[in-house]
Amino acid sequence: MDTSGFTIEDLLADASFLQYCLGTDPAAVAYWTRWVEEHPRHKATVEKARELYFFLNGGTTAAQFEADREYFLQQWKQRRQAPEVFVPLGGSGMRRRPRRRVWAAMAVLLLLAGGALLWHYRPAFRNAPAAKATVYHAKAGERKQLRLPDGSAILLNGGSTITVAADFNQRSRNVYLSGEAYFEVAPDAGQPFMVHTPAILIKVLGTTFNVKAYPEDTVTETALLEGAIQVYASSSAGRSGLPENGVLLSSRRKLQVANPEAKAGLPSATRLQASRYRVIPLTGDTALNKPLETDWTRGRLTFNDQPFDIIARELERWYGVKIRFEDAQLKQYRFVATFDKESIDQVLRALQATSSFHYRRLQDTIILY
Amino acid sequence: MAAGTTGNETWRALKNGSEEALLKLYNEHYLGLVNYGTQMVHDRELAVECFTELLIDLWDKRARLPVVENVRSYLLSCMRRAILHKLRSAQRRQEKEQQLSRMGEAYEASYEERLQAIQMDEAQKRRLLQSFEKLTPRQQELLKLRYFDNLPYEAIAGKCGISVRTTYNIIHNALKSLRQDLDASGAREQLPPLPVLLVFILMHYLVQ
C-alpha cells in the first residue's frame with residue numbers, strides 16, 4: 001500500500017495535518033483537502049491517520065469541535081449584543097444610525113426567514129390540527145402518559161394540550177403543543193418528529209427532551225437531555241431572533257425564546273428580550289441525566305430562585321388550584337425549594353417558613369396576602 | 001501550532017480588541033484545554049462549558065488582560081480556576097453531594113483510562129487499546145503530550161529534558177508500531193483477496 005514510503009506516522013508528524021483533521025485551521029483544511037484530491041492513492045492512508053488521531057486525542061472528532069465551536073460563537077455573540085440591549089433609547093446620535101440599520105437588516109432577514117419557513121412547512125400546516133387529528137389534554141393537577149403509533153412516548157404535564165396530526169407516522173410526525181411535555185422520540189431518520197408551539201418549531205430525529213410552552217408564560221423553552229435537536233422560529237412568531245436555518249441545540253442545554261404574546265410590561269418578565277433567544281446549560285444534576293428542568297417527570301416540583309408569581313402558576317398547574325395575589329408585592333418574593341409529595345397546604349406552609357405572607361383558601365381558590 | 005511564539009502576537013491583538021485573535025485562541029487551545037479539564041473532572045461537557053466561559057471572559061476583560069510570557073500556561077491556570085469555581089458553586093447548591101464526594105478524591109484519570117472512555121466502534125477501540133498497551137510507558141507518555149495535551153514538539157522536549165529530534169523519533173516509532181499492529185490485525189478482518197472477489201462478481205453477472 002505504502003509503495004511510496006508515505007505513512008500514517010509521516011502524516012501525524014505534521015502539525016497542519018492535525019489541524020486539518022480537527023478543522024481548527026481553515027488554511028490547513030484547504031491545503032490538505034486539495035492534497036488528498038491530487039493524491040487519490042493516499043486517500044486510505046489519510047483516512048486511517050485521521051482515525052488514529054481521533055483516538056489518540058481523546059476522542060475529539062471534527063464534528064465534535066464544530067458543534068462546540070458553534071456553541072461558543074453563539075454564546076459570544078449574545079454577550080456582545082447584551083450591552084446594546086440596555087443602552088437607553090435616546091443614546092448618542094453617533095450610535096443610533098448604525099443600530100437602525102442593523103434593525104432594518106434584521107427585519108428584512110426575519111421576513112425572509114418567516115417566508116421561507118412558511119413555504120417549507122406548508123404541507124404540515126395544511127393538514128395540521130384539522131379534522132381527524134387526535135387531541136390529548138392533561139387537566140391542571142394531573143399528568144398524562146401517551147404512546148404514539150411510532151413508538152414515541154410523551155408525558156404531558158398539568159394544564160397542557162397536545163394535538164397529534166391526522167397523518168402522523170404516514171410521511172411525517174407532527175405534533176402541536178400548548179403547555180409542557182417530556183418527549184422520548186423513537187428514532188426514525190426518514191420521518192423527522194416535529195413539535196410545533198406558537199413560538200418555536202423543534203425538529204428531532206430521535207432523542208429525549210422537554211418542551212415548556214405555556215401560553216400564559218413569558219418564555220418558551222426546550223431542554224435537551226441527549227443527542228441534538230434543531231430549533232426554528234415558528235412561522236407565526238417572527239421576533240424570536242432565531243436564524244432562518246435554526247439553531248442546533250446540543251445535549252444538556254436549553255434554549256429559551258420570548259413568547260410571541262408576552263406583553264413587554266409583565267411584572268416578572270425575565271430579562272429575555274423579545275428579539276433574542278438564548279442557549280444556557282441545564283441546571284442541577286446533569287451528570288445523572290436528572291436536571292431540574294425535568295424534575296416534574298419524576299414527580300418533583302422544583303423552584304430555583306424564581307419569583308412568587310411564576311411559582312404560583314406552577315402550583316396552579318401542579319395542584320389544579322387557582323391562586324390570586326391580593327398583595328401584589330408578594331409577586332417579587334423569590335424561593336428556592338423542592339417538593340416531593342406534599343399537599344398544596346404543606347407547600348404553602350413551607351414557603352411561609354422562609355418569607356412572611358398569609359393565605360386563605362376558598363375551595364380551589366387560594367388568596368395570598 | 002499551540003503555544004508557539006505566535007501566541008504572544010495573538011495575545012497582543014486580543015488585548016487590542018481583535019475578534020479574530022479570540023477565534024484563533026479558541027481554535028489553538030480548544031483541544032489541549034478541553035482535554036485538560038476533562039481529565040480533571042471526568043466530564044467533557046463540563047470542560048467545554050468552562051472553556052467557553054473562559055474565552056468569553058477573556059473577551060470581556062480584554063483591555064485589562066496582563067501581558068503574559070506563555071499564553072498556554074496562563075490559560076491552563078485560568079481553566080483550572082474556572083473548573084474549581086464551577087465545582088464549588090455546584091457544591092453550594094447541594095445538588096451534587098454524591099458526585100462531589102467522588103470528586104473530592106480528585107484523582108486525575110490516566111491517559112489510558114481516558115482512551116477507554118472514548119465513544120467509538122467497540123471492536124475498533126479494542127484493537128487500538130491492545131496496540132497501545134504494547135507501547136513502552138515513555139512512548140505512551142509522549143503520545144499523550146503530543147496528541148491529547150496538544151503540545152508542540154519543542155514544548156514536549158523541554159518538559160521531558162530531551163532533544164526535539166529524540167522527541168520526534170520516539171513519537172514516530174510509537175506511531176509506527178501502532179500502525180503495523182493495526183495493519184497486521186486488520187488484514188485478517190479485511191475482504192477476501194482480489195481473485196476470489198473477481199470470481200464472485202463474475203458469477204453474479206453470469207447468473208443474471
Side-chain angles (χ1 to χ4, degrees), chain A residues 1-2 7-13 15-16 18-19 22-26 28 45 48-49 51-61 64-65 67-69 71-80 82-83 250-253 280-288 290-292 302 304 336 338, chain B residues 1-2 4 19 22-24 26-28 30-31 34-35 38-39 42-46 48-49 51-53 55-56 59-60 90 93 95-96 98-99 111 114-115 117-120 124-125 128-129 132 143-144 146-150 152-153 168 171-179 182-183 186:
Chain A
M1 180 195 289
D2 300 315
T7 61
I8 288 175
E9 51 269 32
D10 294 329
L11 289 172
L12 290 189
S16 82
L18 306 184
Q19 292 172 324
L22 205 52
T24 52
D25 183 80
T45 313
K48 279 190 181 170
E51 274 175 35
L52 184 57
Y53 175 57
F54 289 155
F55 172 74
L56 291 171
N57 77 9
T60 308
T61 60
Q64 180 78 59
F65 169 73
D68 289 339
R69 189 170 183 276
Y71 172 67
F72 161 71
L73 289 176
Q74 206 200 320
Q75 294 286 310
W76 185 28
K77 194 172 146 205
Q78 279 174 25
R79 181 63 62 93
R80 275 176 299 172
S250 51
S251 64
R252 298 196 212 168
R253 304 210 166 108
I280 44 183
L282 300 185
T283 35
D285 210 337
T286 56
L288 295 172
K290 287 183 180 169
L292 300 186
T302 304
N304 190 18
V336 177
T338 299
Chain B
M1 197 184 277
E19 298 188 358
L22 189 75
L23 287 172
K24 204 161 169 232
Y26 184 94
N27 289 350
E28 279 178 6
Y30 165 83
L31 186 64
V34 168
N35 277 345
T38 309
Q39 246 190 328
H42 321 282
D43 183 343
R44 192 174 191 284
E45 297 270 346
L46 185 75
V48 170
E49 206 66 62
F51 181 58
T52 306
E53 282 166 21
L55 279 219
I56 290 174
W59 179 252
D60 285 345
R93 226 181 282 129
E95 284 279 335
K96 293 196 163 187
Q98 274 191 326
Q99 208 188 340
Y111 183 36
R114 263 294 114 216
L115 297 183
I118 294 178
Q119 289 182 349
M120 63 186 287
Q124 169 88 340
K125 186 162 86 180
L128 285 165
L129 279 169
F132 183 81
L143 283 181
K144 171 188 184 265
R146 178 69 193 101
Y147 297 109
F148 187 79
D149 296 342
N150 199 24
Y153 287 108
Y168 178 88
I171 291 175
H172 198 268
N173 286 336
L175 290 172
K176 191 173 172 185
S177 44
L178 275 184
R179 190 253 303 170
L182 291 177
D183 280 350

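Here is the naming used below: chain letters follow the sequence lines, and residue numbers restart at 1 for every chain. The structure presented is a predicted model; accordingly, all values stated were derived computationally and were not measured.
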What part of [X] gets within 4.5 angstrom of chain A, counting heavy atoms only: side chain, backbone, both, or neither?
X	value
B/Leu129	both
B/Ile118	side chain
B/Tyr168	side chain
B/Leu31	side chain
B/Glu19	both
B/Asp149	neither

Portion of A/Glu51 that has a non-hydrogen atom of chain B nearer than 4.5 angstrom:
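Just the side chain, heavy atoms under 4.5 Å.
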A/Leu18 versus chain B, heavy atoms under 4.5 Å apart: side chain, backbone, both or neither?
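Only the side chain of A/Leu18 comes within 4.5 Å of chain B.
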Between B/Asp60 and A/Arg80, is there a salt bridge with N-O shorter than 4.0 Å?
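The answer is no: the pair does not qualify as a salt bridge.
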Looking only at side-chain N and O atoms, does [Y] offer a donor or acceptor that is under 3.5 Å from a partner on [X]?
X	Y	value
B/Glu53	A/Gln75	no
A/Asp10	A/Thr7	yes
A/Ser251	B/Glu45	yes

Determine the interplanar angle of the B/Tyr111 and B/Phe148 rings, folded into 0 to 90°, and report it as parallel if under 30°, tilted if 30 to 60°, perpendicular if over 60°.
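If you compare the ring of B/Tyr111 with that of B/Phe148, the planes turn out tilted.
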Verify whether the ring centers belonging to B/Phe51 and A/Phe72 lie closer than 6.0 Å.
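No: the rings miss the under 6.0 Å criterion.
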